Amino acid sequence: MVEVKAEEEKKVRCYIVGAPDKKSADPYPKELEGLVHTLEMEVAGYMVLARIEPTPAYGIGTGKAQEIVDKAKECFADCIIFDWEIDPSKQRNWEKLASMPVFDRNEVIIRIFASRAQTKEANLQVELARLTYSMPRLSHMYGDMARQRGGAFGNKGSGETQLELDRRQIEEKILQIKKELEQVEVNRSVQRKQRERNSTACCALVGYTNAGKSSLLNALTGADVFVENKLFATLDPTTRKLALSEASTVLITDTVGFISNLPHTLIDAFKSTLEETALSNFLLITVDASDPDCQKQFNQVLKVLEEIKADKIPYTVLLNKWDRVMDDPVESARLDNLFPDAIHTSAKTQLGFDRINEVLTENLLGKLRNFSIPLEKSHLVELVRKNGTIEKEEWLEATVELSARIPGTLDDEGKASTRTLAMVKEFIA
């Protein structure tokens with residue numbers, strides 16, 4: 001009985017294969033190792049390739065392919081995982097050669113998402129990504145089992161193969177999930193319109209996975225979002241109110257973490273979730289200051305933002321987990337040089353929270369300005385009250401004196417970027 005339990009608790013051992021990376025001083029596939037550990041797997045061994053040859057069978061030379069298989073078997077690996085996408089035909093060839101499961105980082109990420117999904121929306125999105133990814137790989141799951149079903153020779157025809165039948169069922173399931181996700185998207189759209197009617201400014205916490213976004217949201221707003229020191233701990237966007245002053249609040253959203261080479265099947269499936277980022281008024285790009293690869297991760301975040309058409313949204317950088325590097329003068333100086341305008345933050349010590357509030361106040365609520373509005377134009381006061389934040393209001397005999405924040409900016413020619421600011425700019429004191 002003890003032996004059976006030990007066998008059940010035994011971790012899957014995998015042999016990981018890294019892609020060539022001439023830009024990195026350390027080519028070890030550290031990120032893939034982190035993904036593997038998140039799946040509760042164990043790294044049995046690894047190999048980093050010097051180059052990848054475009055051969056049709058394995059994507060690399062036959063000799064190197066055999067060497068990888070031999071190394072995997074020497075360290076008693078249960079599977080082989082590649083740090084780049086491999087197409088279905090090459091995956092079948094690899095599994096025939098190795099006589100063990102072989103898959104790529106895309107499948108690892110999809111499996112992690114599947115294990116993390118909690119809500120109905122997240123489960124639908126992950127299922128859509130999984131089915132879309134597995135469709136062209138169906139044949140490698142069957143081998144010689146793709147036999148025909150139904151019919152008889154000379155009667156009704158040879159019938160469908162099991163492979164064809166399953167492919168059709170998957171296509172029908174994908175259509176069904178897409179319809180359900182369309183309804184989810186409609187619900188999100190209704191919620192956004194409600195926020196727009198209430199003129200509530202929105203900010204999104206974005207960044208590489210495990211950069212500490214959920215911890216920051218909890219510390220800033222008192223939320224209770226699930227936090228764990230693992231990749232992709234949370235998949236669902238969580239929105240909470242953040243009070244910037246007694247008179248004003250903004251909405252701040254914790255979004256799904258980014259990662260290099262995020263599978264397009266996941267980007268497509270998580271479209272409605274990623275839209276929360278693309279439709280925000282301002283971004284807080286969270287960077288893990290304690291990670292040696294933080295600059296590379298930051299560049300990857302900018303790349304993903306460009307893919308989801310959110311690269312034009314104004315942002316500021318948060319160097320999070322600063323408490324881990326602040327006592328190292330060399331490292332802290334290097335980070336300040338890489339991110340000169342970043343805010344030093346820590347969810348643990350609440351370092352930098354006052355500065356975050358200042359930045360959000362100015363960018364989301366607008367610059368504090370004084371206005372002197374004539375009494376005959378007093379309807380503009382209500383317009384400012386509706387679309388801005390009035391911090392001080394005094395009604396005099398001929399004018400209404402306001403100290404208020406109105407979203408928007410004035411360019412060098414005095415042109416306002418928002419309608420409300422354009423209507424009251426001539427009364428700026």
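The structure displayed is predicted, hence computed values, not measured ones.
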key: D70/Q66 under side-chain hydrogen bond (donor to acceptor under 3.5 Å, both in side chains): CA gap, chis, key distance, verdict   = CA-CA 6 Å; D70 292 342; Q66 188 62 56; 3.0 Å; yes
Derivation and outcome, side-chain hydrogen bond (donor to acceptor under 3.5 Å, both in side chains), residues E33 and Y46 = CA-CA 10 Å; E33 181 187 38; Y46 76 95; over 6 Å; no
task = Applying side-chain contact (heavy atoms from CB on, under 4.5 Å), run through L383 and R419 and close with a yes or a no.
result = CA-CA 10 Å; L383 184 66; R419 176 177 172 271; 4.1 Å; yes
task = Check the pair I81, L32 against side-chain contact (heavy atoms from CB on, under 4.5 Å), reporting the backbone distance first and the verdict last.
result = CA-CA 9 Å; I81 303 177; L32 181 59; 4.0 Å; yes
Trace of the side-chain contact (heavy atoms from CB on, under 4.5 Å) decision for I313 with L305 = CA-CA 9 Å; I313 301 174; L305 289 174; over 6 Å; no
key: Test log, rule salt bridge (Lys or Arg N to Asp or Glu O under 4.0 Å), inputs E358 and R355   = CA-CA 5 Å; E358 289 173 11; R355 180 60 186 145; 3.1 Å; yes
message = Using side-chain contact (heavy atoms from CB on, under 4.5 Å), reason through L251 and K241 one step at a time and then give a plain yes or no.
response = CA-CA 5 Å; L251 296 177; K241 281 186 177 181; 3.6 Å; yes
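The shortest non-hydrogen separation linking E426 to M423 is OE2-O, 4.4 Å. Residues S280 and C203 come closest through the heavy atom pair OG-C, 4.2 Å. Among all heavy-atom pairs drawn from D291 and D293, the shortest one is OD1-N, 2.8 Å. Between L364 and A201, the shortest heavy-atom contact is CB-CB, 3.8 Å. The two atoms that bring V424 and V384 nearest to each other are CG1-CG2, 4.0 Å, heavy atoms only. Here the shortest heavy-atom pairing between A347 and A219 reads O-CB, 3.8 Å.
In the displayed structure, K73 atom NZ is contacted under 6.0 Å by more than 12 heavy atoms of other residues, nucleotides or ligands. Around NZ of K71, the count of heavy atoms belonging to other residues, nucleotides or ligands within 6.0 Å does not exceed 12.
Checking side-chain atoms of D83 against main-chain N and O of V17 turns up no donor-acceptor pair under 3.5 Å. A side-chain donor-acceptor contact under 3.5 Å links R405 to the backbone of G366. With D87 contributing its side chain and K90 its backbone, the two residues share a donor-acceptor pair below 3.5 Å. With hydrogens and angles disregarded, a donor-acceptor distance shorter than 3.5 Å links the side chain of K213 to the backbone of Y208. Checking side-chain atoms of T221 against main-chain N and O of N218 turns up no donor-acceptor pair under 3.5 Å. The closest donor-acceptor contact from the side chain of S332 to the backbone of P329 lies under 3.5 Å. With hydrogens and angles ignored, the 3.5 Å screen pairs a side-chain donor or acceptor of E95 with a backbone N or O of V102. Panel note: side chain R13, backbone C75; a donor-acceptor pair is recorded below 3.5 Å. S403 places no side-chain N or O within donor-acceptor distance of the main-chain N or O of E391, the cut-off being under 3.5 Å. Checked by atom type and distance alone, the side chain of W322 never pairs as donor or acceptor with a backbone atom of A289 at under 3.5 Å.
Atoms CD1 and OG1, from I259 and T209 in turn, are 6.0 Å apart once rounded to the nearest 0.5 Å. Atoms CG and SG, on D78 and C14 in that order, are 8.5 Å from each other to the nearest 0.5 Å. Of the inter-residue distances, the one linking L284 atom CG with L205 atom CG reads 5.0 Å to the nearest 0.5 angstrom. Here N387 contributes atom CG and T418 contributes atom OG1; the two are 8.0 Å apart, rounded to the nearest 0.5 Å. Here the CG-CD1 distance, from L131 to I174, works out to 5.0 Å after rounding to the nearest 0.5 Å. For the atom pair CD (E67) and CG (L49), the distance works out to 9.0 Å, reported to the nearest 0.5 Å.
Using a 4.5 Å heavy-atom cutoff, the side chains of L39 and V108 are in contact. R385 is listed as a side-chain neighbour of V381, based on a closest heavy-atom distance under 4.5 Å. Annotation: side chain of T62 is not in contact with side chain of T55 (no heavy-atom distance under 4.5 Å). With contacts defined as side-chain heavy-atom distances shorter than 4.5 Å, the pair R369/L421 qualifies. Taking the side chain as every heavy atom from C-beta outward, V287 and N320 never approach each other to under 4.5 Å. Looking at heavy atoms from C-beta onward, L128 lies in side-chain contact with K178 at the 4.5 angstrom threshold. Residues S290 and K321 form a side-chain contact, since some pair of their non-hydrogen atoms from C-beta on lies under 4.5 Å apart. Under the 4.5 Å side-chain criterion, counting only non-hydrogen atoms from C-beta, L302 is not in contact with D311.
Side-chain contact of D288 with Q297: a donor-acceptor pair under 3.5 Å is absent, judged by distance alone. Under 3.5 Å, the side chains of D323 and T349 contain no donor-acceptor pair of N or O atoms. Side-chain polar atoms of N299 and Q295 form no donor-acceptor pair below 3.5 angstrom. A side-chain donor from one of S214 and D254 sits under 3.5 Å from a side-chain acceptor of the other. Between the side chains of H344 and D336, a donor-acceptor pair is found at a separation under 3.5 Å.
Taking a cutoff of 4.0 Å between a charged side-chain nitrogen and a carboxylate oxygen, E182 and K179 do not qualify as a salt bridge. Remark: R111 engages E107 in a salt bridge, criterion side-chain N to carboxylate O under 4.0 Å. Using a 4.0 Å cut-off between charged nitrogen and carboxylate oxygen, E31 and R105 count as a salt-bridge pair.
Every residue two or more places apart in sequence or in another chain that forms a ring-ring contact (aromatic ring centres under 6.0 Å, His included) with F298 is listed here: F339.
Cation-pi geometry between R130 and F113 is not met: the NZ or CZ atom fails to fall both under 6.0 Å from the ring centre and inside 45° of the normal.
Partner of N106 under the side chain to side chain contact (heavy atoms under 4.5 Å, CB included) criterion, out of W84, Y133, F82: Y133 alone. Considering L242, I356, T238 in turn, L242 is the only one that fulfils the side chain to side chain contact (heavy atoms under 4.5 Å, CB included) rule with I252.
Note: Y315 and F282 fail the aromatic proximity criterion, with ring centroids not under 6.0 Å apart.
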